[in-house]
There are 2 protein chains.
Amino acid sequence: MRILIIEDEPGILNFLRQGLEEESYSVDTAANGLDGLEMALAEAYDVVLLDWMLPGKSGVEVCREIRRAGIKTPIIFLTARDTVQDTVFGLQAGANDYIKKPFSFEELLERIKVQLRPHSGEQIEFRLGPIVVDIQSHQVFRDSQEIKLTQKEFGLLEFLLRNKGKVCRRTRIIESVWDIHFEYNTGVIDVYINSLRKKLGLTKEEDYIQTIRGVGYIAKEI
Amino acid sequence: MRILIIEDEPGILNFLRQGLEEESYSVDTAANGLDGLEMALAEAYDVVLLDWMLPGKSGVEVCREIRRAGIKTPIIFLTARDTVQDTVFGLQAGANDYIKKPFSFEELLERIKVQLRPHSGEQIEFRLGPIVVDIQSHQVFRDSQEIKLTQKEFGLLEFLLRNKGKVCRRTRIIESVWDIHFEYNTGVIDVYINSLRKKLGLTKEEDYIQTIRGVGYIAKEI
DNA sequence: TCTTCGATGATCAGGATTCGCATAGGATTG
DNA sequence: CAATCCTATGCGAATCCTGATCATCGAAGA
C-alpha cells in the first residue's frame with residue numbers, strides 16, 4: 001500500500017514516515033503543495049495525507065485539484081484548525097477524512113485503515129466488454145473464465161481501465177506503470193499491449209484496447 | 001456566463017435565479033432531471049447547479065450522464081444531505097463541488113466563481129461550433145461522434161483553437177506545429193487544412209476554419 | 001462594370017518515412 | 001530453474017510530405 005504525505009514541517013514528516021514504514025506502508029513525501037500535487041497526479045497512491053497549511057499551494061487547493069483531475073484516492077487532512085467551518089470546507093474540497101493535530105499515531109493508523117477498507121462507494125471492479133477485472137483480488141475474467149496475467153500485464157490493464165474512455169499517452173503509462181520519469185526509448189509498452197490483447201482474446205473486430213498512433217492507447221467500450 | 005439550474009423546488013429555484021441574474025449571470029432552469037440533462041447536453045453552460053434529489057432521474061445519475069457525454073462543465077451539487085459518504089459519492093460521479101442546504105447565497109456565489117476561475121486545472125477543452133476538442137485525452141468529437149485525427153491533424157487543429165478568433169499566419173503555424181523555424185516553401189499546411197476540413201465535415205456554409213488569402217487561416221464561430 | 005491573368009489555395013496521388021506489431025531470445029528475479 | 005520482464009529485429013501499415021494539376025480569388029486594365 002502506497003501512501004503520499006504532503007507536509008512542510010520536517011519533524012512531523014519524519015515522524016509519520018517512520019511510523020508508517022514500520023507498519024510496512026510504502027511512503028513517498030513532498031514538502032510543499034506543488035510538488036505534492038504533481039506526485040499525486042503522476043503516481044497511483046492508496047491514501048494521501050495532506051497538511052492543511054502549506055507554503056505555496058494550500059492543502060485545500062491541492063485537494064481540489066487532485067479531485068478535478070479525476071483521481072479518487074482517499075485524502076485525509078492533517079490540520080491544527082478545529083472548527084466546523086473548516087471541516088465542512090475540507091470535505092467539500094473532496095477530502096474523505098480530517099484529523100486535527102495533535103493526533104495520536106494510533107488514531108491516524110485507524111483512519112487510514114478505514115479509508116483502505118473496500119467500502120461500498122469504492123470501485124474495485126472494472127468492466128470492459130466481456131472482461132471483468134477485480135483489482136483487489138488481482139483477478140481477471142472473460143466470460144467467467146479466469147485469465148492469468150503477470151504483474152506488469154495487470155498493472156497496465158488496471159491503468160488503462162482507471163482511465164477508461166480516455167487516451168493514455170505513452171509517457172503517462174511508462175510513468176505510472178513502470179515508474180520511469182525520464183526519457184524512455186523502449187518498446188516495452190507495445191510488447192505488453194500485445195501480450196494483453198493476446199491473453200484477453202481481443203481481435204480486430206473486438207478491439208477494446210485501441211492504439212492511438214503517435215500518442216498511446218485507449219481502453220473503451222466499442 | 002451561462003448557468004443551468006436543475007432543481008425541482010420552485011421556491012429555491014426562483015430564489016437562485018433571481019440572485020444569479022442580479023449578479024448578471026444568464027440563467028436557464030429545469031425542474032426535473034430529464035429536462036436538465038437534455039439542456040446540459042444541448043447547450044454550452046459554464047456551470048451547472050444540480051439538486052441531489054430530483055423526481056424522475058436523480059442528480060447523481062444526471063451528473064454521471066453529463067460526464068459520460070464527454071462534457072466537462074463544472075457541476076455543483078446542491079443537497080440537504082450532509083455525510084462524508086455522500087460527498088465522496090457525488091464527487092466520484094464527476095461533480096466538482098458540493099454545497100449543503102441551507103447555504104448562504106454568498107457562499108454559493110463564491111463557489112461558482114471558484115469553478116469559473118479559468119486557470120484552475122488549465123483549459124483542456126475547446127469548442128468550435130458542433131466540434132469539441134479534448135486536448136488532454138487527445139480526442140475530437142462532432143455531435144458526440146468521435147472523429148479520428150492523426151498526430152499532425154490534431155496538432156494543427158489545437159493550434160488554430162488556441163488562437164480561436166485570431167488569424168494564424170502560415171509562418172506561425174509552421175513554427176508551432178511543425179517546429180520549422182526557417183523559411184518554408186511547402187504546401188503541407190494546405191494539405192492538412194484540407195484533410196481537417198474533410199474529416200470534420202466542414203462545408204462552404206459551415207466554414208469554421210476559414211482561409212485568409214495571402215496570410216493564413218482562422219478558426220472561429222460563424 | 002466586366003474581363004483577363006497571375007498568384008494563391010485546394011485537391012490528389014505516390015513515394016518516403018515513421019511507428020507499432022509480432023516474435024525470439026537474453027537478462028533478471030525470486 | 002522457471003516465470004517474468006525487457007531488448008532487439010524485421011515487417012507491414014498508417015502517416016507524412018512532395019510535387020503536379022486543377023480551381024479560385026482578386027487586382028489591373030479595358
Side-chain angles (χ1 to χ4, degrees), chain A residues 138 140 146-160 167-219, chain B residues 138 140 146-160 167-219:
Chain A
H138 211 269
V140 180
E146 184 174 358
I147 296 172
K148 290 223 165 194
L149 296 186
T150 72
Q151 194 80 350
K152 277 279 143 65
E153 287 163 357
F154 191 88
L156 176 56
L157 181 57
E158 178 180 348
F159 182 81
L160 289 174
V167 173
C168 304
R169 293 169 182 281
R170 299 175 94 89
T171 50
R172 285 247 156 268
I173 295 175
I174 212 82
E175 270 185 15
S176 264
V177 182
W178 273 267
D179 207 18
I180 294 174
H181 299 277
F182 38 87
E183 190 69 23
Y184 89 104
N185 57 344
T186 145
V188 236
I189 300 178
D190 310 58
V191 172
Y192 277 85
I193 287 283
N194 181 28
S195 147
L196 262 184
R197 294 210 256 234
K198 209 181 272 177
K199 284 198 181 180
L200 298 177
L202 304 184
T203 61
K204 279 274 158 58
E205 295 75 39
E206 256 199 348
D207 56 344
Y208 290 101
I209 299 177
Q210 296 178 10
T211 110
I212 309 296
R213 213 182 152 81
V215 185
Y217 296 89
I218 179 174
Chain B
H138 208 271
V140 179
E146 185 175 358
I147 297 173
K148 292 217 168 192
L149 297 186
T150 72
Q151 190 83 320
K152 278 278 144 64
E153 288 163 356
F154 191 90
L156 176 56
L157 180 57
E158 177 180 351
F159 182 80
L160 290 174
V167 174
C168 304
R169 297 176 175 279
R170 300 174 93 87
T171 50
R172 288 240 148 273
I173 294 175
I174 213 84
E175 271 185 16
S176 259
V177 182
W178 274 266
D179 207 20
I180 295 174
H181 298 277
F182 38 88
E183 194 62 25
Y184 89 103
N185 56 346
T186 147
V188 238
I189 300 178
D190 310 58
V191 173
Y192 277 85
I193 286 283
N194 180 29
S195 147
L196 262 185
R197 295 209 257 235
K198 210 181 271 177
K199 283 199 181 179
L200 298 178
L202 304 184
T203 61
K204 280 274 158 58
E205 295 75 39
E206 254 198 349
D207 56 343
Y208 290 101
I209 299 177
Q210 295 178 8
T211 307
I212 309 298
R213 212 179 156 79
V215 185
Y217 296 89
I218 180 173

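Just so it is clear: chains get the letters A, B, ... in the order the sequence lines come, proteins before strands, and each one is counted from 1.
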Starting from [atom2] on [N], measure out to [atom1] on [X] and report it in whole angstrom.
X: A/Gln210; N: D/dA14; atom1: CD; atom2: P; result: 14 Å
X: A/Ile193; N: C/dA22; atom1: CD1; atom2: C1'; result: 14 Å
X: B/Ile180; N: D/dC17; atom1: CD1; atom2: P; result: 7 Å

Counting only side-chain N and O atoms of A/Lys198, is one of them less than 4.0 Å from OP1 or OP2 of C/dT23?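 Yes.
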Heavy atoms from C-beta onward define the side chain here; which of [options] lies closest to that of [X]?
X: A/Thr211; options: C/dG9, C/dC21, D/dT7; result: C/dC21
X: A/Arg170; options: D/dC6, C/dG20, D/dT15; result: C/dG20
X: B/Thr186; options: C/dA7, D/dT18, D/dA13; result: D/dT18
X: A/Asn194; options: C/dA22, D/dT4, C/dG20; result: C/dA22
X: A/Tyr192; options: C/dT23, D/dT7, D/dC5; result: D/dC5
X: A/Arg213; options: D/dC17, D/dC5, D/dA14; result: D/dA14
X: A/Asp190; options: D/dC17, C/dC21, D/dC25; result: C/dC21

Run the side-chain contact (heavy atoms from CB on, under 4.5 Å) test against A/Thr211 and tell me which residues pass, sequence neighbours left out.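 Expected list: A/Arg197, A/Tyr217.
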Sugar-phosphate only, base, or nothing, as touched by [X] at under 4.0 Å among non-hydrogen atoms:
X: A/Phe154; value: nothing
X: A/Glu153; value: nothing
X: A/Lys148; value: nothing

Could one point to a donor on the side chain of B/Arg197 or the base of C/dA10 with an acceptor on the other under 3.5 Å away?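 By the distance-only test, no, there is no pair.
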Heavy-atom check, side chain of A/Thr150 versus side chain of A/Lys199, under 4.5 Å: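 Yes. Closest side-chain heavy atoms under 4.5 Å.
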To the nearest 0.5 Å, how far apart are CD1 in B/Ile218 and CG in B/Asp207?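 The CD1 atom of B/Ile218 sits 10.5 Å away from the CG atom of B/Asp207.
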Rounded distance [0.5 Å steps], OG1 in A/Thr186 versus CD1 in A/Ile174: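 Separation between the atoms: 6.0 Å.
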Closest nucleotide of DNA chain D for B/Lys199 versus for B/Val191: which of these residues is on the 5' side?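 Here B/Lys199 is the residue nearer the 5' end.
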